[in-house]
Amino acid sequence: MAAFAIALALLGTRSASPQAQMNSSPAETCLAANSNISLGIRLPRTEAKLKSGVPLKIVAIGSSSTVGLWVLSAAATYPAVMRQELVRLIPNVRIELINSGRIGDTIPGNIARLERDVLIFRPDLIVWQLGTNDIAWGGQADGLDKLVAQGVTTLKSGGADVILMDQQYSPQVLSSSHYSQMQAIIANVARKEHVGLFSRFDLMRNSVTAGLSIGALVSWDRLHNSTDGYDCVGRALARAIWSTTR
């Protein structure tokens, strides 16, 4: 509960640090605070496609964070922002993006639809955003490590590169007594299965540490990202993917 109290205080108060007072947008401040973000591994299939000029097919699966709940345009969702940033970073790149997010989905729900909503598209890169709904509404994390590992094995079966995206650093997540356990499950599976880990939690926490109010990255519901939050997540993820090709 201490973490929740801190997050609530941050939600309503902006730091007086010079960086937070700069004229740049919250998304730019967030990106500056996470300039060294890494996926932890290379993405061989993605790298080969990007370097050869062959179209890259990306599928994003997850819950409302992938759908982009509360944004006014599909172009403002994190997958769409990610695609736009990759196009900006890599000249002449061709990217096909499929957003397979579903509001309210959980890890078991994601796994139940991997075949029809992900693998059917024969993707080169899969981003799996997971974990929040499983614990944010009083759920448990026990036993989910095996399910996440099972899901990753299924996603890798078609030869695609895989990136796991963890929970958001937000008051609703921090109010759960299971968020740390879920963070550990996602990180441990990523390490054991040799897939990428994009820590949205660390990205947002780094931004707050740098002086940005958590309220700049989290919407009114204290759970989902704001427009700036989705913008930072999408662009930071694109840059992390791009760095694997350099």
Side-chain angles (χ1 to χ4, degrees), residues 24-102 117-130 155 158-166 168 195-200 202-204 206-207 216-217 224-246:
S24 60
S25 70
E28 293 294 342
T29 301
C30 173
L31 288 166
N34 292 279
S35 58
N36 295 321
I37 197 164
S38 169
L39 301 175
I41 64 163
R42 299 193 74 84
L43 304 171
R45 184 160 170 169
T46 302
E47 180 178 354
K49 289 292 182 80
L50 291 176
K51 288 184 174 180
S52 67
V54 175
L56 174 72
K57 185 178 293 185
I58 303 175
V59 174
I61 183 169
S63 57
S64 49
S65 288
T66 299
V67 174
L69 193 63
W70 309 134
V71 298
L72 299 178
S73 166
T77 64
Y78 99 74
V81 172
M82 171 190 65
R83 180 189 179 280
Q84 181 180 352
E85 182 71 354
L86 282 171
V87 169
R88 185 188 72 82
L89 291 168
I90 306 171
N92 303 317
V93 68
R94 290 181 288 167
I95 298 175
E96 180 182 352
L97 173 69
I98 297 99
N99 187 326
S100 288
R102 176 180 290 178
D117 289 346
V118 179
L119 298 182
I120 193 172
F121 298 108
R122 298 183 179 179
D124 303 301
L125 174 63
I126 301 164
V127 182
W128 185 11
Q129 169 262 314
L130 72 164
L155 292 175
D161 297 324
V162 176
I163 299 170
L164 300 183
M165 179 187 294
D166 62 15
Q168 57 269 56
V195 298
L197 174 64
F198 180 81
S199 183
R200 178 170 48 150
D202 287 350
L203 175 133
M204 296 175 67
N206 290 344
S207 302
L217 300 177
H224 295 91
N225 282 119
S226 64
T227 298
D228 277 297
Y230 287 124
D231 188 32
C232 182
V233 167
R235 286 199 278 165
L237 178 55
R239 294 177 188 188
I241 294 169
W242 175 60
S243 70
T244 70
T245 70
R246 299 164 66 190

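Model, not experiment: these values are computed from the prediction.
Smallest separation of non-hydrogen atoms from Tyr78 and Ala60: OH-CB, 3.8 Å. Among all heavy-atom pairs drawn from Val59 and Pro123, the shortest one is CG2-CB, 3.7 Å. The two residues Pro26 and Ala216 make their nearest non-hydrogen contact at CB-CB, 3.8 Å.
Using a cutoff of 4.0 Å between basic side-chain nitrogens and carboxylate oxygens, Asp161 and Arg45 are not scored as salt-bridged. Ion pairing between Arg200 and Asp166 fails under the 4.0 Å rule for side-chain N and carboxylate O.
With hydrogens and angles disregarded, a donor-acceptor distance shorter than 3.5 Å links the side chain of Arg94 to the backbone of Gly53. Put simply, the side chain of Asp231 never gets that close to the backbone of Thr227: no donor and acceptor are under 3.5 Å apart. Under a 3.5 Å cut-off, the side chain of Lys57 and the backbone N or O of Leu125 do not form any donor-acceptor pair. Judged by distance alone, with hydrogens and angles left aside, the side-chain atoms of Asn34 form a donor-acceptor pair with the main-chain N or O of Leu203 at under 3.5 Å.
Contact check for Thr77 versus Val81: no side-chain heavy atoms found under the 4.5 Å cut-off. Between Asp117 and Ile98 the shortest side-chain heavy-atom distance does not fall below 4.5 Å. Side-chain atoms of Asp228 and Cys30, non-hydrogen and from C-beta on, never get closer than 4.5 Å to each other. Taking the side chain as every heavy atom from C-beta outward, Phe198 and Val233 approach each other to under 4.5 Å. Inter-residue side-chain proximity for Ser207 and Thr29 is flagged as unmet; no heavy-atom pair is nearer than 4.5 Å. Looking only at side-chain heavy atoms (C-beta outward), Ile95 and Val93 come within less than 4.5 Å of each other.
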*In sequence, state the C-alpha distance, the side-chain angles, and the governing distance for Arg235 and Glu28, and then conclude on side chain to side chain contact (heavy atoms under 4.5 Å, CB included).*
CA-CA 10 Å; Arg235 286 199 278 165; Glu28 293 294 342; 2.9 Å; yes
*For Ile126 and Ile163, run side chain to side chain contact (heavy atoms under 4.5 Å, CB included): C-alpha distance rounded to whole Å, both residues' side-chain angles, the deciding distance at 0.1 Å, then the answer.*
CA-CA 6 Å; Ile126 301 164; Ile163 299 170; over 6 Å; no
_Checking Trp128 against Val195 for the side chain to side chain contact (heavy atoms under 4.5 Å, CB included) test, could you report, in this order, the C-alpha distance in whole Å, the side-chain angles of both residues, the deciding distance, and whether it holds?_
CA-CA 11 Å; Trp128 185 11; Val195 298; over 6 Å; no
_CA sep, side-chain torsions, deciding dist, call: His224, Ser64, side chain to side chain donor-acceptor pair (under 3.5 Å)_ = CA-CA 8 Å; His224 295 91; Ser64 49; 2.5 Å; yes
*Could you give me the CA-CA distance, side-chain angles and deciding distance for Thr66 and Arg102, then say whether side chain to side chain contact (heavy atoms under 4.5 Å, CB included) is met?*
CA-CA 7 Å; Thr66 299; Arg102 176 180 290 178; over 6 Å; no
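The line from CG of Leu39 to CE of Met165 is 10.0 Å long, rounded to the nearest 0.5 Å. The line from CG of Leu31 to OG of Ser25 is 7.5 Å long, rounded to the nearest 0.5 Å. With rounding to the nearest 0.5 Å, the separation of CD1 in Ile61 from CG in Leu155 is 7.0 Å. For the atom pair Glu96 CD and Asp124 CG, the distance stands at 9.5 Å (nearest 0.5 Å). The CG atom of Leu197 lies 9.5 Å from the CD1 atom of Ile41; values are rounded to the nearest 0.5 Å. Atom-to-atom distance recorded for Gln168:CD and Gln129:CD is 7.0 Å, nearest 0.5 angstrom.
For Asn99, there are no side-chain hydrogen bond (donor to acceptor under 3.5 Å, both in side chains) partners at least two apart in sequence or on another chain.
The number of heavy atoms from other shown groups lying within 6.0 Å of CZ (Arg122) does not exceed 12.
Counting only residues at least two apart or on different chains, the side chain to side chain donor-acceptor pair (under 3.5 Å) pairs with a member in residues 236-246 are Glu85-Arg239.
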